Amino acid sequence: MVLQLIAADLKKEKMEALIIPVCEDKDIHDNQAISALIKLTRKIKEFRGRPDDELILHNLPDVGSKRVIFMGLGKLAKVDREALRVLAGRAVKKCIQKDISEVMIAVPSSKKIKLEMLSILEPMLEGACLGNHRFDKYKKEKKHTPLKTIRLLVKPDIMETFKKLPSRMMSICDGTILARDWVSMPPNDKTPEQLAQSIVSLFRKRNIDVRVLEEKELKQKKFGSILTVAAGSQSKPRMVIGVYNPDGAKQTVALVGKGVTFDSGGINLKSTASLEDMKMDMSGAAAVAATLIAVAKLKPKIKVVGIIPIVENMPSGNAARPGDIIKSYDGKTVEIGNTDAEGRLILIDGMSYAIRKYNPQTLIDLATLTGSCVVALGEKIAGIFSFDDELAEAIVQSGVKTHERCWRMPLPEDYKETLKSDFADIKNISSSRWGGAITAALFLSEFVGDTRWAHIDMAGPAYLKKENAYCGPGGTGFGVRLLCDLLEKL
Ligand code: BES
Ligand code: ZN
Ligand code: ZN
């Protein structure tokens, strides 16, 4: 796909469609030809520029493009980065529906909508790029043919200032799309061996240092916790480690992602309804792997280590039992209270390894960890857990920017009591029914020592049942854009 900024003459530029965003209460453009077209629409009663309003006019005089699609943006006061992202996504989807292969979208004036030009262009490029993607690998008849060319119409001086922006946004959005595809992939085609292989081959292409620990090495190195979760599955566990290490890097960030390719619950088998979509339980792993690949293109001056434990959680004669006591990589013994609390088990081994081997300044784990977090925050907002105010706030702010919304949750010391085991050092479930997202995070916190750490529980926003403006049904790629933003400001 070609994604570019263009400063064109409306009359001369012969695109299949020109999109003009229109506000209800104000003309937001500073291009006379566009303002004249908007004036024309003011006579048409049914189009008022409300959020879902749309008007298509064909063969307008003085316009080279075949059709002009006016799209409502609502009231000016409500126009923010996300409104622009949604608009661009809607625009692209509209054109795809119409079997068009190219589009030009008019960019509003920075002065008139009181946003910096960068804060207009970034989300518009994102919405357009992400809205162009659909996971249809398994469909013979592809109903969604992506656009070949997407252009944003701007003034000539803006084109010069932001000439590097489209390719930068493409690198980030390609990461999001990669994560989406991994998450949407059915679990029979992404066993731990297969998913690890897929990640490794992309890492190699990007010159990311990569290492894979297979079952034999995991055993030798005593990753007891990962091995326990994998025990019930025919597929063998993997741990993929990718390192992006640029010259002159002054600090190291380690990212650990939960990679459960299918979470059946194990011996504590989930109910039918809860089993649905449990292929998405490797969304943390997908986000970490895709971020590393995006980072290798963006080239920030910071060392980034991606640690990706990958397992399948299945019941069988070899599966771990409730009551089993195992030894984690870090040496602590863990009593298995529930085999469905498997995410925290593979994470602690990944996190302990990250700390021991790389001694990072910052450690962030991403995981679809608990249903409780979805109960607390709903399906669109992730929970952030950290003892470090600055890190938690930085994550929340990156999420505001990318609209991957995060809400900080507490880590109360006294709740740790609920994780006590009569027989082992700690238990993998809480004795209380309540506050499950918090107690899961507290369990992880027992394995981070003094390392500055944050945990992102993305069980809600990792997956989408019904498409929205710039994401189809399936994996959302949550976390990739957020981490790309965060890594550049740490
Ligand atoms: N993968 C699930 C969490 C999950 C739930 C992700 C819903 C996405 C949507 C996790 O492994 C799990 O099963 N958690 C249990 C923990 C419980 C047994 C302590 C849960 O949240 O119910
Ligand atoms: Zn589970
Ligand atoms: Zn799980």
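Since the structure is predicted, the reported quantities are computational estimates derived from the model, not experimental observations. Counting starts at 1 for both ligands and their atoms, in listed order.
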Close N or O approach (Gly343, ligand 1; < 3.5 Å): no
With the Zn ion (ligand 3) as the apex, the OE2/NZ angle for Glu342 and Lys258 - to 10°: 90°
Ligand 1 contact on Asp263 by region, counting heavy-atom pairs under 4.0 Å: side chain
Name, closest N/O/S atom of Asp281 to the Zn ion (ligand 3): OD2
Contact check, Val374 vs ligand 1, heavy-atom distance below 4.0 Å: no
Nearest-neighbour protein heavy atom for atom 20 (C) of ligand 1, which is reported as residue plus atom name and distance: Gly371 N, 3.8 Å
Salt-bridge criterion met for Glu214 and Lys236 (N-O under 4.0 Å): no
Presence of salt bridge, Arg211 and Glu217, under 4.0 angstrom: yes
Ligand 1 contact on Glu379 by region, counting heavy-atom pairs under 4.0 Å: neither
For Glu342, atoms of ligand 1 separated by under 4.0 Å from a heavy atom: 11 (O)
Which residue and heavy atom of the protein sit nearest atom 4 (C) of ligand 1, plus the separation: Met278 CE, 3.8 Å
Nearest non-hydrogen protein atom, atom 19 (C) of ligand 1: Ile429 CG2, 3.6 Å
For atom 15 (C) of ligand 1, closest protein heavy-atom neighbour: Asp340 O, 4.1 Å
Within 6.0 Å of CD in Gln220, more than 12 heavy atoms from elsewhere: yes
Which segment of Arg433 sits under 4.0 Å of ligand 1 when only heavy atoms are counted: neither
N/O/S atom name from Asp263 that is nearest to the position of the Zn ion (ligand 2): OD2
Candidate pair Arg168 and Glu488, rule salt bridge (charged side-chain N to carboxylate O under 4.0 Å, His left out), full reasoning: CA-CA 13 Å; Arg168 182 188 144 77; Glu488 290 198 318; 3.1 Å; yes
Within-shell test, Met282 vs ligand 1, heavy atom, strictly < 4.0 Å: no
Greater than 12 external heavy atoms within 6.0 Å of Lys137's NZ: no
Enumerated ligand 1 atoms positioned under 4.0 Å from heavy atoms of Arg344: 16 (C), 19 (C)
Pairwise side-chain contact, Met170 with Cys129, heavy-atom cut-off 4.5 Å (strictly under): yes
Glu467 bridged to Arg134 by N-O distance under 4.0 Å: yes
Heavy-atom neighbours of Lys465 NZ exceed 12 at 6.0 Å: yes
Atoms of ligand 1 close to Lys258 [distance to a heavy atom under 4.0 angstrom, numbered from 1]: 1 (N), 10 (C), 11 (O)
Minimum non-hydrogen distance to atom 10 (C) of ligand 1, winning option of Leu369, Thr370, Asn428, Asn338: Leu369
Atoms in ligand 1 with a heavy atom of Met280 nearer than 4.0 Å: 8 (C)
Atoms in ligand 1 with a heavy atom of Ala459 nearer than 4.0 Å: 6 (C), 8 (C)
Contact atoms of ligand 1, heavy-atom distance to Lys270 under 4.0 Å: 2 (C), 12 (C), 13 (O)
Rounded distance [0.5 Å steps], CG in Leu411 versus CD1 in Ile438: 7.5 Å
Atom OH of Tyr415 with >12 non-hydrogen neighbours under 6.0 angstrom: no
Residues Arg85 and Glu82 bridged, charged N to O under 4.0 Å: yes
Lys/Arg N to Asp/Glu carboxylate O, Arg481 vs Glu126, below 4.0 Å: yes
